[in-house]
S.K.: 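Here it is: the structure, laid out below.
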Number of protein chains: 2
Amino acid sequence: MTAESSGRPMRADARRNRARLLAEADTVLREQGTGAPLEQIARRAGVAVGTLYAHFPTRRALLLELLRERHEALFALGDGLTADADAPPGEALLRWARAVADHGAVYSGLSDELLGGLEDPESELHEACARLSSAGTTLTERARAAGQIRAGVTADDVFALISAAAWTRDRLSDPARADHMTNLVLSALRP
Amino acid sequence: MTAESSGRPMRADARRNRARLLAEADTVLREQGTGAPLEQIARRAGVAVGTLYAHFPTRRALLLELLRERHEALFALGDGLTADADAPPGEALLRWARAVADHGAVYSGLSDELLGGLEDPESELHEACARLSSAGTTLTERARAAGQIRAGVTADDVFALISAAAWTRDRLSDPARADHMTNLVLSALRP
DNA sequence: ACCTGAACACCGTTCAAGT
DNA sequence: ACCTGAACACCGTTCAAGT
């Protein structure tokens with residue numbers, strides 16, 4: 001067991017290695033997507049593969065750490081939008097959906113992990129995905145009550161749609177189309 | 001070079017092996033998706049891996065043959081819908097979109113191949129994807145001219161949206177949601 | 001003309017041995 | 001307490017040797 005999972009402070013070299021691994025992993029995943037060779041990440045961080053595994057037992061555990069900051073920011077955004085009861089609920093929901101869709105397109109393959117992580121309780125990403133999904137629940141219900149989105153659309157539907165928007169953006173070779181396609185997919189929410 | 005690519009008739013055993021490979025490949029891909037181990041397909045077909053490669057030099061070449069019949073059926077459907085000039089153009093486009101979305105969800109991972117194959121001219125699936133995409137062009141233009149879909153939506157957008165619908169259906173663990181989500185994603189086309 | 005299966009490459013994952 | 005890197009497993013792909 002490593003120190004990080006037992007609450008004890010990590011040895012200085014371990015902390016440095018962990019930080020380097022995360023930094024290089026971010027670079028490599030931005031270039032090659034969520035399926036990038038772990039060996040390459042370790043090499044670029046200047047450590048052996050075993051060290052990577054010691055810090056992050058699975059690929060998804062590594063991915064979860066990489067996403068942590070952005071997840072926190074999204075939770076905060078969700079709270080902020082929910083707290084602002086006077087804002088037009090349709091617009092609030094759309095701002096939320098766009099933010100999560102952007103997030104899901106940061107690494108190629110991430111949209112699969114997000115929707116898959118919600119559906120699979122065994123995924124290391126499950127809790128984060130569930131929180132992201134439920135953060136949209138209040139916004140969805142308000143928008144629906146105000147008649148600003150389609151009847152019958154659930155928070156689960158919204159999350160699946162957001163994931164689909166991220167997936168589409170991810171696959172497009174022309175980055176100029178990214179915003180347009182995100183808007184188009186999310187426009188399915190219109191009443 | 002094999003006989004099949006030179007126009008000469010194949011030897012009887014080769015033809016039998018090819019047919020068996022395609023039949024087993026369909027079964028395996030339905031179970032495990034487009035990334036399934038090729039070794040397993042060969043074993044189930046009772047041949048060595050080399051034989052599979054002799055018939056289908058790449059994974060996508062195999063996939064293209066697996067899809068050929070369904071592609072022909074879709075081309076025919078597209079022609080039929082286009083020929084029927086009296087049908088409501090919005091409905092015709094939606095029938096087309098649903099048919100292609102169903103097709104793109106037959107094997108897990110197929111939606112990636114379809115949209116990716118359209119974007120990548122080097123893909124063995126490129127020509128088929130381009131034909132599928134362009135088959136929707138006339139239907140899209142008619143629907144747009146009749147004001148029955150959103151302004152500014154192109155045939156490329158429709159194909160990307162169809163792929164997104166297939167992807168979403170593919171990822172859902174609950175098959176009962178499949179139709180609902182397909183309808184929701186495609187409802188982005190509404191004016 | 002076609003098939004076989006061993007050979008090689010690549011990558012994920014583990015773990016005994018080191019510091 | 002942490003790191004190294006060899007070892008093993010798995011799969012894609014090629015090709016010399018067979019029929």
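So that the names make sense, note that chain A is the first sequence line, chain B the second, and so on, each numbered from 1. Predicted, not measured: the structure shown is a model, and the values here were computed from it. Values reported hereafter were calculated over all heavy atoms of this structure, with side chains retained and with hydrogens, waters and symmetry mates removed.
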S.K.: On DNA chain C, does the nearest nucleotide to P37(A) precede the nearest nucleotide to D13(B) from the 5' side, or the other way round? Give the residue.
M.R.: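 Going by which nucleotide is closer to the 5' end, it is D13(B).
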S.K.: Mapping G50(A) and G35(A) onto DNA chain C by nearest heavy atom, which one lands closer to the 5' end?
M.R.: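 In this pair, the answer is G35(A).
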S.K.: If you look at every strand shown and take non-hydrogen atoms under 4.0 Å, does A12(B) touch a base, only sugar-phosphate, or nothing?
M.R.: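 If one applies the 4.0 Å heavy-atom cut-off, A12(B) turns out to touch nothing in the nucleic acid.
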S.K.: Can you tell me how far P of dT13(C) sits from CD1 of I41(A), to the nearest Å?
M.R.: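 Between P of dT13(C) and CD1 of I41(A): 12 Å.
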S.K.: Quick check for you: among dT4(D), dT13(D), dC3(C), whose closest atom lies nearest to any side-chain atom of T51(A)?
M.R.: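 Looking only at side-chain atoms, T51(A) lies closest to dT4(D).
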S.K.: The side chain of V47(B) is closest to which nucleotide in this list: dT4(D), dC2(C), dT4(C)?
M.R.: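 For the V47(B) side chain, the nearest candidate turns out to be dT4(C).
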S.K.: Rounded to the Å, how far apart are R20(B) CZ and dC2(C) P?
M.R.: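 So the CZ-P distance, R20(B) to dC2(C), works out to 16 Å.
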S.K.: Measuring from the side chain of Y53(A) (C-beta onward, heavy atoms only), which nucleotide among dG12(C), dT4(D), dT13(D) has the closest atom?
M.R.: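 Of dG12(C), dT4(D), dT13(D), dG12(C) is nearest to the side chain of Y53(A).
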S.K.: Side chains of R150(A) and S187(B): donor-acceptor distance under 3.5 Å anywhere?
M.R.: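 The answer is yes; a qualifying pair exists.
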S.K.: Applying side chain to side chain donor-acceptor pair (under 3.5 Å) to Q32(B) and S108(B), what does each step give before you reach the verdict?
M.R.: CA-CA 7 Å; Q32(B) 311 192 31; S108(B) 182; over 6 Å; no
S.K.: Side chain of A48(B) only, please: which of dC3(C), dG12(C), dG5(C) is the nearest?
M.R.: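 Out of dC3(C), dG12(C), dG5(C), the nucleotide with an atom closest to A48(B)'s side chain is dG5(C).
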S.K.: Can you tell me if Q148(B) uses its side chain to pair, donor with acceptor, with the backbone of A143(B) under 3.5 Å?
M.R.: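 No; zero donor-acceptor contacts below 3.5 Å.
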S.K.: Now, which nucleotide makes the Watson-Crick or G-U wobble pair with dA7(C), with each of the two distances under 3.5 Å?
M.R.: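 For dA7(C), the partner nucleotide comes out as dT13(D), under the 3.5 Å rule.
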S.K.: With a 4.0 Å cut-off on heavy atoms, is A42(A) in touch with a base, just the backbone sugar-phosphate, or nothing at all?
M.R.: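 Since no nucleic acid heavy atom lies under 4.0 Å of A42(A), the category is nothing.
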S.K.: CG of L38(B) versus P of dC10(D): gap in Å, rounded?
M.R.: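 Atom CG in L38(B) sits about 17 Å away from atom P in dC10(D).
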S.K.: Rounding to a whole Å, what distance do you find between E39(A):CD and dT4(D):P?
M.R.: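 Rounded to whole Å, this separation is 12 Å.
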S.K.: Between D170(A) and Y107(A), is a side chain to side chain donor-acceptor pair (under 3.5 Å) present by the stated rule, with each step listed?
M.R.: CA-CA 8 Å; D170(A) 186 22; Y107(A) 305 137; over 6 Å; no
S.K.: Nearest heavy atom decides the nucleotide; on that basis, is R15(A) or Q40(B) closer to the 5' end of DNA chain D?
M.R.: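 Its nearest nucleotide being more 5', the pick is R15(A).
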S.K.: Find the distance R18(A):CZ to dC3(D):P and express it as a whole number of Å.
M.R.: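 Roughly 11 Å, once rounded to whole Å.
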S.K.: Check every atom of dG12(D), dT13(D), dC2(D) against the side chain of V49(B) and return the nucleotide holding the closest atom.
M.R.: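 The nucleotide sitting nearest to the side chain is dT13(D).
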S.K.: Ignoring backbone atoms, establish whether N17(A) has a side-chain N or O less than 4.0 Å from OP1 or OP2 of dC2(D).
M.R.: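 The answer is no; no side-chain N or O of N17(A) sits under 4.0 Å from OP1 or OP2.
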S.K.: Output the rounded distance in Å from CZ (R43(B)) to P (dG12(D)).
M.R.: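 My rounded result for the distance is 11 Å.
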S.K.: Mark yes or no for whether T168(B), through its side chain, and A164(B), through its backbone, hold a donor-acceptor pair below 3.5 Å.
M.R.: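 At least one qualifying donor-acceptor pair exists.
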S.K.: Just the rounded figure in Å: distance from P of dC11(D) to CG of L52(B).
M.R.: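 Rounded to whole Å, this separation is 15 Å.
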S.K.: For the salt bridge (Lys or Arg N to Asp or Glu O under 4.0 Å) test, which of E113(A), E122(A), E127(A) pairs with R60(A)?
M.R.: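 The single option meeting the salt bridge (Lys or Arg N to Asp or Glu O under 4.0 Å) with R60(A) is E113(A).
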S.K.: Take the protein atom CZ of R59(A) and the nucleotide atom P of dT14(C), then report the distance between them rounded to whole Å.
M.R.: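 Those two atoms, CZ and P, are 13 Å apart.
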S.K.: Counting Watson-Crick and G-U wobble pairs only, both distances under 3.5 Å, name the nucleotide matched with dT19(D), or none.
M.R.: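 Check on dT19(D): paired to dA1(C), both distances under 3.5 Å.
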S.K.: Taking OP1 and OP2 of dC2(C), is either one under 4.0 Å from a side-chain nitrogen or oxygen of H55(B)?
M.R.: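 Checking H55(B) against dC2(C): no side-chain N or O falls below 4.0 Å of OP1 or OP2.
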